[in-house]
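Each chain gets a letter, A, B and so on, in the order the sequences are listed, and its residues count up from 1.
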Amino acid sequence: MLCKDIEQKLPAYLEDDLSPQEKVLVEEHLTSCPQCVKAVENLKKTGKLVREIEGVEPPPWFTQKIMTRVREEAKQKKSIFLKLFYPLHIKIPIQALATILIAVIAFQIYRVGDPEMKGVVAPPAAVFDAGKEHAPTAPQKTPEFAPAPSAKRKAVPMKEEKKDKGIPFAPPDKPTEAMKKAISVRQQEPSKSTPAPALEYKRDESGYFADPAREKREYEAAPAAPRVMGMITSEPARIGVVVHVKDESAAAGEVEALLGKSGARKIQRQSLDDKEVLTAVIKAQNLRELIEKLKAFGETEEEGIPVDIREQDISIKIEILRDH
Amino acid sequence: MTSRQAQCDINICNDKEFFLDKMAIIGCPYKETFRGSTSLAEMSRHMDHDNRAPGDNDIEYVILCQKGDTEAFAVLVERHQKKMLNIAYRMTGSYEDACDVVQEAFLSAYRSLKTFRRESRFSTWLYRIAVNHTKNRVQQVKARARHESPAVDDPPATEGGRSICWMPSDEVPLIEQIEKREINERVQECISSLDDEHREVLVLRDIQGFSYDEIRDILKIPDGTVKSRLFRARTALKDCLMMIFGDL
């Protein structure tokens with residue numbers, strides 16, 4: 001074994017950290033190699049020198065210096081804590097945050113609470129524009145058709161409707177003036193708006209409008225209104241009421257009269273062997289009153305009555321059963 | 001309780017009631033257990049039983065600090081500053097750098113005291129922070145030296161850049177003192193010339209006298225690595241000293 005290899009093992013040899021075989025090898029080598037013996041001596045002396053090296057003392061007031069910085073750090077930590085929780089410092093950020101939060105929540109409630117309004121938002125703009133656009137060109141020439149006012153009239157109630165739809169928790173049994181107006185307008189709507197496409201089409205043929213692009217726009221815009229109205233009035237809420245009476249046919253007659261008084265439309269009566277079925281469309285505000293009156297006939301069971309009545313028209317099915 | 005009392009070292013202040021009061025302050029659940037104990041030694045055994053790092057006499061001050069008592073940290077600074085300073089000084093070779101590093105290390109330890117989980121002794125944790133700060137400083141100094149060539153008007157290099165006054169003692173003859181100082185400077189030069197990883201092991205083992213287990217915990221390296229680095233460091237130091245002094 002070379003002196004170089006032995007020399008590498010010497011520190012471990014001095015620490016007694018060699019395997020027995022290695023230790024024997026090193027010891028055998030040391031007996032015959034004065035150079036390596038010298039290296040062992042020098043290693044021992046190096047160790048002594050290093051161990052005897054004097055330690056340094058900390059400078060005066062070293063603890064105080066460190067503690068001054070530590071206290072500053074602690075103070076800073078506390079002040080951060082204070083900044084976060086002391087009301088005066090945080091007031092403006094908290095207010096700003098609260099405002100944003102309220103705005104977000106309000107927007108969410110508006111969106112979630114009024115799903116059918118989403119469909120209405122875009123089309124009225126087209127209807128309104130179309131009405132305005134051709135109004136100055138042909139108001140004198142085609143007073144009998146009056147497409148502009150018709151379109152405008154459709155747009156106006158919708159705008160009003162949008163306003164009170166914006167109040168999400170309006171009490172359903174006490175409709176506002178605007179709501180009533182909207183309902184009354186809409187009830188007139190089907191008869192007036194249905195012929196609109198036909199009129200438009202006729203006017204196209206008679207060649208009142210020279211600009212083909214405008215004609216096309218007109219043609220597209222006009223039927224938009226009834227389609228939109230259809231979205232709102234379609235699918236009225238359906239509820240069912242079962243009334244147990246002794247004489248179903250007599251009671252059915254009275255209920256029919258009652259429905260008529262309550263302003264119900266499309267009243268249909270169907271007589272089966274031991275029950276009478278009456279269906280009608282009734283205004284939401286009259287519903288509760290009607291149900292109260294029905295209770296006077298006998299035991300009633302209601303199903304499908306929504307807690308929050310939003311629809312103006314409700315389809316009601318009254319089954320009058322003979323009480324056994 | 002005044003801060004002076006709080007700083008009283010529990011080992012020096014051999015007062016059982018004081019100890020129990022301190023336990024109450026830090027919210028120690030074993031206060032009643034201690035009440036029945038006859039001696040501080042017995043109490044200490046209870047403490048050891050609970051701690052994962054037994055025999056850590058810093059722990060009560062650490063707990064006080066963690067509870068927000070900044071002044072309790074002064075005791076820990078007082079206890080460990082000298083050893084930390086010497087580790088940093090031998091590793092950086094500069095007294096000023098060592099002082100800076102120790103201050104930074106204490107500050108860093110104070111900041112992260114909440115994260116100290118008592119898995120090791122507090123001193124081990126603290127020295128690890130000091131060693132890491134020192135290593136960073138050594139790297140910074142090396143990087144700076146690479147980019148800046150020494151200026152002509154730089155102050156002449158003293159012992160590793162040390163500028164504190166050397167006060168000769170009256171007990172030993174002056175000539176011996178000068179000789180000893182000269183040798184120390186040479187040894188420090190050789191220590192500074194070692195590789196970083198060799199130097200830190202040599203400083204911790206041969207100068208500071210840490211056990212292999214402590215070094216393993218401080219440096220977070222395996223036992224075998226500690227030893228192999230140490231042996232290489234010793235051989236390299238011997239070679240360096242032989243180059244300077246000829247025969248030792």
Side-chain angles (χ1 to χ4, degrees), chain A residues 2-19 22-23 26 34-82, chain B residues 65 68-71 73-75 77-79 81-86 88-90 95-96 98-99 102-107 109-111 159 162 164 180-181 183-184 186-188 190-191 202-203 205-209 227-228 230-242 245 247-248:
Chain A
L2 292 169
C3 283
K4 205 179 167 189
D5 299 324
I6 292 294
E7 217 175 314
Q8 276 177 357
K9 292 187 192 302
L10 288 180
Y13 170 72
L14 288 175
E15 281 260 317
D16 202 15
D17 202 48
L18 287 177
S19 65
E22 281 179 316
K23 198 178 169 186
V26 171
Q35 202 187 331
C36 286
V37 172
K38 192 85 188 158
V40 170
E41 289 306 309
N42 282 335
L43 258 181
K44 283 181 183 170
K45 281 178 188 166
T46 302
K48 192 168 173 274
L49 280 174
V50 171
R51 275 190 298 276
E52 281 177 356
I53 203 166
E54 278 176 5
V56 288
E57 287 296 322
W61 309 106
F62 196 49
T63 307
Q64 285 77 359
K65 270 186 205 166
I66 293 168
M67 283 312 291
T68 307
R69 290 184 67 180
V70 167
R71 280 184 206 109
E72 274 171 20
E73 179 77 23
K75 209 174 152 190
Q76 220 172 353
K77 253 188 196 172
K78 270 182 192 165
S79 67
I80 291 167
F81 185 81
L82 280 179
Chain B
C65 290
D69 183 357
T70 312
E71 294 313 308
F73 197 68
V75 181
V77 173
E78 195 67 52
R79 278 185 190 177
Q81 57 172 330
K82 190 174 176 184
K83 204 154 196 169
M84 281 166 75
L85 183 72
N86 275 282
Y89 172 55
R90 293 301 164 197
Y95 190 76
E96 280 82 15
C99 287
V102 171
Q103 286 194 45
E104 290 298 328
F106 270 120
L107 213 61
Y110 181 77
R111 282 192 201 116
E159 186 196 344
R162 185 180 175 184
I164 50 162
K180 177 86 183 156
R181 191 173 136 79
I183 290 169
N184 278 352
R186 297 288 89 80
V187 173
Q188 178 60 50
C190 283
I191 292 170
L202 187 102
V203 167
R205 175 69 188 163
D206 287 350
I207 301 178
Q208 297 303 325
K227 281 188 181 171
S228 66
L230 179 69
F231 298 155
R232 266 185 236 133
R234 282 177 183 167
T235 308
L237 189 69
K238 179 205 77 181
D239 293 345
C240 176
L241 287 172
M242 280 175 73
F245 294 111
D247 201 7
L248 287 177

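- Across every non-hydrogen atom of Pro58(A) and Leu85(B), the tightest pair is CA-CD2, 3.3 Å.
- Residues Phe106(B) and Met67(A) have side chains not in contact (no heavy-atom distance under 4.5 Å, counting atoms from C-beta outward).
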Audit row: Leu107(B), Ile66(A), side-chain contact (heavy atoms from CB on, under 4.5 Å) steps and yes/no: CA-CA 8 Å; Leu107(B) 213 61; Ile66(A) 293 168; 5.9 Å; no
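- The shortest side-chain heavy-atom distance between Ile191(B) and Ile53(A) falls under the 4.5 Å cut-off.
- Between Val56(A) and Asn86(B), the shortest heavy-atom contact is N-OD1, 2.7 Å.
- A distance of 10.0 Å separates OG1 of Thr70(B) from CD of Glu73(A), quoted to the nearest 0.5 Å.
- Thr235(B) is linked by a side chain to side chain donor-acceptor pair (under 3.5 Å) to nothing, counting only residues two or more places apart in sequence or in another chain.
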Leu10(A) vs Lys238(B), side-chain contact (heavy atoms from CB on, under 4.5 Å): CA-CA, chis, key distance, verdict: CA-CA 12 Å; Leu10(A) 288 180; Lys238(B) 179 205 77 181; 5.7 Å; no
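- Here the shortest heavy-atom pairing between Thr63(A) and Gln81(B) reads OG1-NE2, 2.7 Å.
- Ranked by heavy-atom pairs shorter than 4.5 Å toward chain B, the options Val50(A), Leu43(A), Asn42(A) are led by Asn42(A).
- Counting heavy-atom neighbours within 6.0 Å of Lys48(A) NZ, excluding the residue itself, gives a total of 12 or less.
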side-chain contact (heavy atoms from CB on, under 4.5 Å) assessment of Arg232(B) paired with Gln8(A): CA-CA 8 Å; Arg232(B) 266 185 236 133; Gln8(A) 276 177 357; over 6 Å; no
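- When the candidates Gln64(A), Arg51(A), Lys45(A), Glu72(A) are compared by the number of heavy-atom contacts under 4.5 Å with chain B, Lys45(A) comes out ahead.
- What you find for Ala74(A) and Tyr110(B) is that their closest heavy atoms are CB-OH, 3.4 Å.
- Between Thr46(A) and Arg234(B), every side-chain heavy-atom pair lies at or beyond the 4.5 Å cut-off.
- In this structure, chain A has heavy atoms under 4.5 Å from both the backbone and the side chain of Leu237(B).
- Qualifying salt bridge (charged side-chain N to carboxylate O under 4.0 Å, His left out) partners for Lys82(B), counting only residues two or more places apart in sequence or in other chains: Glu57(A).
- Using a 4.5 Å heavy-atom cutoff, the side chains of Glu104(B) and Arg69(A) are in contact.
- Using a 4.5 Å cut-off between heavy atoms, Lys83(B) makes no contact with chain A at all.
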